[in-house]
Number of protein chains: 2
Amino acid sequence: MNPEKTEEIEFDQPCPIRDVLDRIGDQWSLLVLEALGRKTMRFNELGREIDDISRQMLSRTLRRLEEDGFISRAIFAEVPPRVEYTLTALGRSFLGPLHILTQWADENHGAICKSRKLARLAQSD
Amino acid sequence: MNPEKTEEIEFDQPCPIRDVLDRIGDQWSLLVLEALGRKTMRFNELGREIDDISRQMLSRTLRRLEEDGFISRAIFAEVPPRVEYTLTALGRSFLGPLHILTQWADENHGAICKSRKLARLAQSD
DNA sequence: AAAGACTGGTCTATCTTGTAGACCAATGGA
DNA sequence: TCCATTGGTCTACAAGATAGACCAGTCTTT
């Protein structure tokens, strides 16, 4: 929006919220966290749980969540290999806010769908 | 992940959470909602507030949020044109969950950055 | 014994999404 | 007169996501 402004201002840490939301709000992270909130899971198990995530995105998402300290990765020297993903304390502490969010989503999903349909109708006139 | 499965299962409304998060968790929506939570704003004002959003994405995000019933759009027949965006009741009801989320982000941002730095260090070995 | 499926990923080619920047038409200010 | 402002849209390009092949070793089924 303001190309000159970014040069003027030092943009190290915009605001915590931005930084966190950028990572969390990426289509898959919340889903992965919610799934791992239910139980520790292995890679393919998680893939089946979320179902329509590609292996690559699952891999990337897990790696980022691990980097950010939300989850931990345990590799077992077995054959076939076993890799388990578990929420860390930080990850678990996020379940509260996430639960409130999903609860809101659950309660208001109907209203959103309704609004969406009305908008479609209005558009088609 | 499971290409065959999507044919078997009717995928009308996966789950409310998925549906809502897909819309909300898109880089900009939460930012726009948070900004409009502070006060009603006009298009360019909002653009300046968020600063690094492109006009196109701002436009699209606003349109989607309006469609989903989070915000309302008021056009004033003035010159230069004036368009104001305001949260609806639904939008305002979302501020609670959003606030809890941003509060968590605020409190845990430090831990996340720390974890991120450690990960970078471990990687460079 | 051979074929297939499972493990946890990575790689590449393609498709979709996002961004930057030009552009619009009318008006106010310097 | 020249530039900024209003709320956008359009287009060309860059970045991100996806599908699908592939790997090497083991276990199960036929």
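Every chain is numbered from 1 and lettered A, B, ... according to where its sequence line falls, protein lines coming before strand lines.
Salt bridge present: Asp52(B) and Arg18(A) bring a charged side-chain N and a carboxylate O closer than 4.0 Å.
Taking only side-chain atoms of Arg48(A), from C-beta outward, the nucleotide of dT6(D), dT7(C), dC10(D) with the closest atom is dT7(C). Relative to the side chain of Val83(B), the nucleotides dG7(D), dT18(D), dT19(C) differ in distance, and dG7(D) lies closest. Listed nucleotides: dG7(D), dT7(C), dA19(D). Nearest to the side chain of Asn44(A): dT7(C). Candidate nucleotides dT11(D), dG7(D), dA21(D) were compared by shortest atom distance to the side chain of Arg55(A), and dA21(D) ranks first. Counting only heavy atoms from C-beta on, Arg42(B) has its side chain closest to dT6(D) among dA20(C), dT7(C), dT6(D).
Position along DNA chain C of the nearest nucleotide to Pro80(A) versus Arg63(A) favours Pro80(A) as the more 5'-ward residue.
Atom CD1 in Ile75(B) sits roughly 11 Å away from atom P in dG7(D) (whole-Å rounding). One atom, OH of Tyr85(B), and another, P of dG7(D), lie 8 Å apart when rounded to the nearest Å. One can place CD1 of Ile53(B) at 14 Å from C1' of dG7(D), the figure rounded to the nearest angstrom. One atom, CG of Leu58(B), and another, C1' of dA20(C), lie 15 Å apart when rounded to the nearest Å. Remark: C1' of dA20(C) and CZ of Arg60(B) are 13 Å apart, rounded to the nearest angstrom. Rounding to whole angstrom units, CE of residue Met57(B) and P of dG16(D) are separated by 14 Å. Asp26(B) places its CG atom 19 Å from the P atom of dT16(C), with the value rounded to the nearest Å. Atoms CG (Asp52(B)) and P (dG18(C)) sit 14 Å apart, rounded to a whole Å.
A sub-4.0 Å separation between OP1 or OP2 of dT17(C) and a side-chain N or O of Trp28(B) is absent. Residue Ser59(A) places at least one side-chain N or O closer than 4.0 Å to OP1 or OP2 of dT10(C).
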Phe94(B) vs Asn108(A), side-chain contact (heavy atoms from CB on, under 4.5 Å): CA-CA, chis, key distance, verdict: CA-CA 9 Å; Phe94(B) 184 70; Asn108(A) 297 90; over 6 Å; no
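Side-chain contact of Arg55(B) with Ser59(B): a donor-acceptor pair under 3.5 Å is absent, judged by distance alone.
Among the heavy atoms of the strands, none lies under 4.0 Å from Phe76(B).
Residue Glu78(A) places no side-chain atom within donor-acceptor reach of the base of dT26(D), judged by atom type and a 3.5 Å distance cut-off alone. For Gln27(A) and dT17(C), a side-chain-to-base donor-acceptor distance below 3.5 Å is absent, hydrogens and geometry of angles not being considered.
The main-chain N or O of Leu98(A) is never found under 3.5 Å from a side-chain atom of Trp104(B) such that the two would form a donor-acceptor pair. The backbone N or O of Gly69(B) lies less than 3.5 Å from a partner atom in the side chain of Thr88(B), making a donor-acceptor pair.
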